[in-house]
S.K.: 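The following block contains the structure, expressed as structure tokens.
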Protein chains: 2
Amino acid sequence: MSGSRQMAESTSSGQQQAATPGPKKAGGKGLDAIYRSISEAIIEHRLKPGARLREDALADVFGISRTGIRKVLQRLALEQLVTLTPRRGASVTRPSVDEAKDVFEARQMVECALMEAAAKRITTADVEELREMAREERKALRSREQRVAIKLSATFHARLAEISGNRTLAEFVGQLCSRSSLILAVYGNPGHLGCESHDHDNLIELLAAGEGGKASDFMERHLKSIEASLSIFDEPEETPDLRDIFAFDA
Amino acid sequence: MSGSRQMAESTSSGQQQAATPGPKKAGGKGLDAIYRSISEAIIEHRLKPGARLREDALADVFGISRTGIRKVLQRLALEQLVTLTPRRGASVTRPSVDEAKDVFEARQMVECALMEAAAKRITTADVEELREMAREERKALRSREQRVAIKLSATFHARLAEISGNRTLAEFVGQLCSRSSLILAVYGNPGHLGCESHDHDNLIELLAAGEGGKASDFMERHLKSIEASLSIFDEPEETPDLRDIFAFDA
DNA sequence: TTGACCCTTATTGTATACGTTCTGAATACG
DNA sequence: CGTATTCAGAACGTATACAATAAGGGTCAA
């Protein structure tokens, strides 16, 4: 009876796997698929910061009821990817300047520290997997598929953290990388992507050679260069001060 | 297993704000109070690892429907305080040996690194607040109220991380401290509490003196001593190997 | 024409009802 | 007497219905 109303045209590009027309049951693990789907859309900037995520619309798109959508949205909110305003619903988080600074500070602290352990534990299979990821990332960059490149870059960093062997820290780094993607969407300069792909290649070689210390230093420079490429200014946030903008002499 | 009923009594000591007999509305922020209530019960070991948390029972205790309880349980699950088994419901998480190791490794990495920033940013008001917390902790220890002492110790470490000024890392440390309380419940030796209260006092004085480096070193020793006080053995986990236990010569 | 107030509507918050599945025991059969 | 099977009960997963609230538009008055 619900004549599917207008959903934001955010899902207009591709993204069809979840619109199964006749789903008898979404299944318990179906919720996880929906979570990944929305999460990926946010990380790839198909859903931009500030975009509203209405429960009815999402429930309609994914073919389940609002109950499951609310569960997914709550999880995304706890990971800081969406913001849940009490009576206003959910929207893609727009990271503040302080938040961006904190996230990159945390990444530098944790990711660099993890390089030593990663260099000790990395296997040849890991090296090959990382090289393949870096290859795909370069390919996406050459094809001007920045959205895919951003996602692959975040996945690369998260995978790197996993190799260190500490699940707790790896999970944390994964969340930080997801949030970094949001930060890139707000404060990044178009055209200039955060990660230089050669950086990732150099990182892989240093780890493969067992040079944990050098890898840590390189990671620090790598993350600092990403942060430096951002335009983290105190945007026209609250109270745009119209008097100053229009120079009225009322 | 006999603890399945213990949660009915868990809120008997004080903690009466949620058992309002005639609640017109629990309110949106009422859920947060319920979250804190359950979280505190877990951290204080009134709910022990492995204890089952049935939705109906919790809904009955707090006077709301299962919907709100499920939301709270999901949040607790994402923070690793409770484990959500697909068709079995929720139970207080029983940290594995690897998990315990990861959590303390993460705490050493992050908390030590935050000391430098904390020493720079700490104010006299912060110092006074921390001293008061340490005082209360000592008082609880003298009164043999280990449950309160454990909670206060976790709060102390979390507050310390907040002073560093990085909200993201402070939140992370807060979760690690909560999980540490669970680890203490499983692998800790009764009678010997994790944190020595004088350690906290020394930490405060080092920070008040602006000695970030020394505070970092001290924090490292402090956390290592806590970890060393645990009995992290590969418990009779899976497959208890009955043959070995009963020495049967079948 | 502008401003304020009210009403409609859309969207979230909460509860409840129903279906599914897992557990546990009782019974029947070997 | 032991084991397997089946039935009943309970607890979770999902959907739907209802209530409350805030936003937006329209109307009336100054």
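Numbered from 1 within each chain, the chains take letters A, B, ... in sequence-line order. As the structure is a prediction and not an experimental result, all values here were calculated from the model.
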S.K.: Compare side-chain N and O positions of A:K71 against OP1 and OP2 of D:dT14 and report whether any pair is under 4.0 Å apart.
M.R.: yes
S.K.: Expressed in angstrom and rounded to an integer, what is the separation of B:L84 atom CG from C:dC22 atom P?
M.R.: 16 Å
S.K.: Identify whether the distance between the nearest side-chain nitrogen and carboxylate oxygen of A:E111 and A:R107 falls below 4.0 Å.
M.R.: yes
S.K.: What is the distance, rounded to the nearest whole Å, between atom CD1 of A:I64 and atom P of D:dT16?
M.R.: 11 Å
S.K.: In whole angstrom, give the distance that lies between atom CZ of B:F62 and atom P of C:dT14.
M.R.: 15 Å
S.K.: Decide, yes or no, whether a salt bridge links A:R167 with A:E171 under the criterion of side-chain N to carboxylate O below 4.0 Å.
M.R.: no
S.K.: For B:R70, check side chain to side chain contact (heavy atoms under 4.5 Å, CB included) against everything at least two apart and list the hits.
M.R.: A:K71, B:E55, B:R66
S.K.: Do the side chains of B:R179 and B:E99 get close enough for a salt bridge, i.e. N-O under 4.0 angstrom?
M.R.: yes
S.K.: Tell me the ring pair (Phe, Tyr, Trp, His ring centres under 6.0 Å) pairs involving residues 158-180 of chain A, sequence neighbours left out?
M.R.: A:F172-B:F172
S.K.: Salt bridge or not between A:D126 and A:R159? Use side-chain N to carboxylate O under 4.0 Å.
M.R.: yes
S.K.: Can you check nucleotides 9-12 of chain D for protein contacts, nitrogen or oxygen pairs under 3.5 Å, and list what you find?
M.R.:
{"unit_1": "D:dA11", "atom_1": "OP1", "unit_2": "B:R54", "atom_2": "NH1", "d": "2.5"}
{"unit_1": "D:dC12", "atom_1": "OP2", "unit_2": "B:E55", "atom_2": "N", "d": "3.4"}
{"unit_1": "D:dC12", "atom_1": "O3'", "unit_2": "B:P86", "atom_2": "O", "d": "3.3"}

S.K.: CG of A:L58 versus P of C:dT11: gap in Å, rounded?
M.R.: 12 Å
S.K.: C:dT12 C1' sits how many Å from A:Q74 CD, rounded?
M.R.: 14 Å
S.K.: Can you tell me if A:T67 touches the phosphate of D:dT14, counting only side-chain N or O atoms and a distance under 4.0 Å to OP1 or OP2?
M.R.: no
